[in-house]
Amino acid sequence: MKYRLKKVAVLGSGVMGSGIACHLANIGLEVLMLDIIPRDLGGDKLKDPTLRNSIVDSALQNSIRSKPAPLYHKSFASRISTGNFEDDFEKISDADWIIEVVVERLDIKQQIFEKVDHNRKNNSLVTSNTSSIPMHLLSEGRSDNFKAHFCGTHFFNPPRYLRLLEVIPTSDTLESVINFFMEFGKVNLGKETVLCKDTPAFIGNRIGVMSATEMTILTKKYSFTVEEVDLLTGPLIGRPPTATFRLQDLVGLDTGDNVSRFVMDNVENDTYINKIKKLPEPKFMRFLLDNKFLGNKSGKGFYEKTKKKDANGKTIINVLNLETLEYKPAIKPRLEIVKTAKGMELLDKRLQFLVDGDSKEHQFFKDYFGALFAYSAARIPEISDQYFPLDDAMRTGYVWEYGPFEYWDLIGFEKGIALVEALGESLPKWVHDLKASGAQSFYKYENGKKHYFNIQNKKFEVLPGKEAFIILDSYRAQKPIIKNSECTVHDIGDGVLCLEFTSKSNSIGEG
Ligand SMILES: NC(=O)c1ccc[n+]([C@@H]2O[C@H](COP(=O)([O-])OP(=O)(O)OC[C@H]3O[C@@H](n4cnc5c(N)ncnc54)[C@H](O)[C@@H]3O)[C@@H](O)[C@H]2O)c1
């Protein structure tokens with residue numbers, strides 16, 4: 001069966017719904033976006049069509065104005081029409097694809113899908129953007145035709161920019177539907193499309209939830225401030241400036257909390273989650289959620305952008321003190337370890353330095369990376385049959401420069417094992433198999449190709465889908481033809497030379 005998309009219905013217009021609607025308009029689709037009617041409308045106001053659509057209309061306008069821009073060009077907004085769930089639901093009968101993007105609650109999503117089942121045309125595609133809820137729970141009770149055309153299409157925030165698209169089929173999803181979304185994601189949306197198992201939070205968020213939780217635990221254990229942890233866990237270790245707490249503000253603390261709770265309540269045989277479930281909720285989390293300080297979407301979360309300016313005319317950003325629960329102007333932290341690490345340009349040298357010392361910052365990194373490695377290794381084969389999709393997901397969905405196993409290689413295979421063992425954790429058999437094969441890394445480069453260790457047949461193989469790529473790193477072991485302070489010329493075989501700029505910002509100088 002061939003699928004052709006012309007019209008799409010996006011159900012929900014929040015942070016993600018609006019972003020997805022804009023991105024689908026970007027690629028030329030006709031989009032209908034629906035949302036709820038404001039709950040506080042009464043009397044004559046309830047009859048006013050403008051007011052009935054006010055949630056969806058203002059969400060779309062806010063999204064269009066947001067930065068970075070969700071639309072390739074503002075004029076593409078004309079491809080998006082809006083409506084509400086009560087007056088316009090039957091319009092989804094025209095849609096070739098219906099994507100659900102409402103609040104992260106199983107009961108609400110199930111109610112929406114029941115309505116979708118009644119209003120959709122046969123064979124139209126139906127997907128959910130849930131961050132954590134397994135697809136088979138969302139399609140429970142639905143018709144056979146719905147189930148056959150249903151899967152997860154999980155975009156990351158912001159949808160135009162983050163390259164990961166997780167496709168999550170159920171056992172009922174037609175092979176043709178899976179193949180369609182894998183291809184559509186890659187070719188039409190330009191995404192790294194990763195096929196996931198139907199487990200809670202799939203790949204990216206399962207590791208993401210663990211990573212964020214561990215950062216929060218370690219913030220408290222080592223008495224760091226919000227600004228300090230964001231300084232330690234951003235570009236310094238190859239991650240975006242949103243780092244840890246700014247990322248939670250971007251995602252929305254309510255959404256993040258729903259996702260974590262869902263993971264905690266629904267995973268099985270996950271020793272890390274079983275352990276942290278017993279810990280009391282941090283009081284700052286309850287404070288933020290109870291006060292609806294939900295991050296960027298409510299104007300305040302861990303950070304608060306004020307209208308005040310400092311002596312240099314710069315906007316004052318307040319930050320939450322996690323102990324006193326007061327907001328105070330953020331201070332740029334001065335940490336010696338950061339100064340030293342920044343002087344190390346190569347990330348492998350920098351990371352090796354960060355996990356090799358006794359200061360509380362070093363301890364923080366040792367605990368974090370040890371826990372990340374132990375957790376990621378233990379998730380195979382539960383969330384993925386091989387380990388490289390975890391690296392793909394964290395690079396493209398969370399914009400980490402490296403995924404967990406790539407970080408492990410940078411820090412060093414044996415050193416990584418030592419970090420895990422120092423936490424009293426053990427490693428699964430497949431890591432011991434890798435070690436027994438004589439390998440000293442999760443990836444190796446040979447003949448211009450990146451190879452991974454296939455844990456089923458215990459052999460190194462070229463990464464699937466990357467056969468057509470030439471990886472420059474794989475030529476570093478051989479002697480270059482020319483090398484000076486500004487460039488290196490490599491012989492990459494077949495009579496082809498590769499000129500690599502190594503000058504500052506790749507600028508061209510005299511050489
Ligand atoms: N925020 C992120 O970074 C992110 C990333 C990927 C996936 N997601 C997922 O996308 C979905 C939407 O998240 P979001 O961040 O856009 O949330 P949001 O809070 O910004 O928006 C939630 C939407 O649900 C609607 N809604 C609220 N109550 C409803 C009800 N009773 N019935 C129907 N609709 C209702 C709201 O009007 C709003 O449009 C969730 O499943 C979330 O897990 C979020």
Side-chain angles (χ1 to χ4, degrees), residues 1-3 5 16 20 23-24 97 99-101 125-139 147-157 159 162-209 259 263 266-267 376-400 403-406 430 442-443 450-457 461-469:
M1 170 103 192
K2 281 223 177 294
Y3 300 95
L5 300 185
M16 291 302 286
I20 290 171
H23 196 47
L24 298 180
W97 175 22
I99 171 163
E100 169 280 312
V101 203
L125 302 169
V126 187
T127 68
S128 171
N129 189 56
T130 174
S131 308
S132 58
I133 306 174
M135 297 302 145
H136 66 272
L137 297 180
L138 295 174
S139 62
K147 285 182 174 173
H149 295 87
F150 177 73
C151 67
T153 49
H154 183 208
F155 288 82
F156 283 68
N157 183 14
L162 285 206
R163 280 186 47 233
L164 180 59
L165 178 72
E166 292 181 327
V167 174
I168 312 113
T170 70
S171 53
D172 296 317
T173 313
L174 288 173
E175 201 64 31
S176 57
V177 171
I178 304 171
N179 293 341
F180 171 78
F181 277 115
M182 292 301 289
E183 182 74 3
F184 177 77
K186 197 166 138 191
V187 176
N188 298 66
L189 294 170
K191 302 284 180 202
E192 173 90 30
T193 310
V194 173
L195 190 63
C196 297
K197 296 189 182 187
D198 196 17
T199 49
F202 326 116
I203 297 181
N205 281 344
R206 183 71 175 275
I207 302 299
V209 163
V259 172
V263 170
N266 290 281
V267 292
S376 303
R379 301 280 67 76
I380 311 297
E382 181 200 349
I383 63 172
S384 171
D385 290 333
Q386 304 290 349
Y387 56 84
F388 66 84
L390 275 67
D391 289 329
D392 288 344
M394 298 320 284
R395 256 188 283 101
T396 54
Y398 277 71
V399 206
W400 292 5
F405 300 101
E406 294 165 332
W430 72 266
F442 290 91
Y443 295 101
K450 189 171 176 180
H451 294 64
Y452 76 104
F453 181 74
N454 181 327
I455 68 168
Q456 258 103 46
N457 66 17
E461 292 177 354
V462 176
L463 279 172
K466 301 284 188 287
E467 295 84 351
F469 287 79

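- Residues Asn266 and Pro134 are not in side-chain contact: their nearest non-hydrogen atoms beyond the backbone lie 4.5 Å or more apart.
- In this structure, Phe181 and Thr173 have side chains that are not in contact, with every pair of non-hydrogen atoms separated by 4.5 Å or more.
- With contacts defined as side-chain heavy-atom distances shorter than 4.5 Å, the pair Tyr398/Phe156 qualifies.
- A heavy-atom distance below 4.5 Å is not found between the side chains of Phe150 and Thr127.
- Judged by distance alone, with hydrogens and angles left aside, the side-chain atoms of Asn129 form no donor-acceptor pair with the main-chain N or O of Val101 at under 3.5 Å.
- The shortest heavy-atom contact between Tyr452 and Pro464 is CE2-CD, 3.7 Å.
- Between Thr130 and Phe202 the shortest side-chain heavy-atom distance falls below 4.5 Å.
- In this structure, Val259 and Ser131 approach most closely via the heavy-atom pair CG2-CB, 3.4 Å.
- With values rounded to the nearest 0.5 angstrom, Lys186 atom NZ is found 15.0 Å from Lys191 atom NZ.
- A side-chain donor from one of Asp391 and Tyr443 sits under 3.5 Å from a side-chain acceptor of the other.
- Put simply, the side chain of Ser139 never gets that close to the backbone of Lys147: no donor and acceptor are under 3.5 Å apart.
- No donor-acceptor pair under 3.5 Å is formed between the side chain of Asn205 and the backbone N or O of Ser132.
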Kindly determine whether His136 and Ser171 satisfy side chain to side chain contact (heavy atoms under 4.5 Å, CB included), including the steps that lead there. CA-CA 8 Å; His136 66 272; Ser171 53; over 6 Å; no
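- Within the 4.5 Å cutoff, side-chain heavy atoms of Gln386 are placed close to those of Gln456.
- Across every non-hydrogen atom of Cys196 and Pro169, the tightest pair is O-CD, 3.5 Å.
- In terms of heavy-atom proximity, Trp400 sits nearest to Gly403 at CE3-CA, 4.5 Å.
- Salt bridge annotation for Glu192-Arg395: absent, with no cationic side-chain nitrogen under 4.0 angstrom from a carboxylate oxygen.
- The two residues Val177 and Cys151 make their nearest non-hydrogen contact at CG1-SG, 4.4 Å.
- Under the 4.5 Å side-chain criterion, counting only non-hydrogen atoms from C-beta, Leu125 is in contact with His149.
- The heavy-atom pair separating Thr199 from Glu382 by the smallest distance is CG2-O, 3.8 Å.
- In this structure, CD1 on Ile380 lies 6.0 Å from CD1 on Ile455, to the nearest 0.5 angstrom.
- By the 4.5 Å heavy-atom criterion applied to side chains, Ser384 and Arg379 are not counted as neighbours.
- For the atom pair Ile168 CD1 and Asp198 CG, the distance stands at 7.5 Å (nearest 0.5 Å).
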Step-by-step ring pair (Phe, Tyr, Trp, His ring centres under 6.0 Å) determination, Trp97 to Phe180: CA-CA 12 Å; Trp97 175 22; Phe180 171 78; 7.8 Å; no
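- For the atom pair Met16 CE and His154 NE2, the distance stands at 6.0 Å (nearest 0.5 Å).
- Rounding to the nearest 0.5 Å places CG of Leu138 at 10.0 Å from OG1 of Thr170.
- One finds a salt bridge joining Lys450 and Glu406 here, because a Lys/Arg side-chain nitrogen approaches an Asp/Glu carboxylate oxygen to under 4.0 Å.
- Using bins of under 30°, 30° to 60° and over 60° for the plane-to-plane angle, the ring pair Tyr387/Trp430 lands in the parallel bin.
- The backbone N or O of Pro381 sits less than 3.5 Å from a side-chain atom of Lys197, completing a donor-acceptor pair.
- In this structure, CZ in Arg163 is found 12.5 Å from CG in Leu189, a value given to the nearest 0.5 Å.
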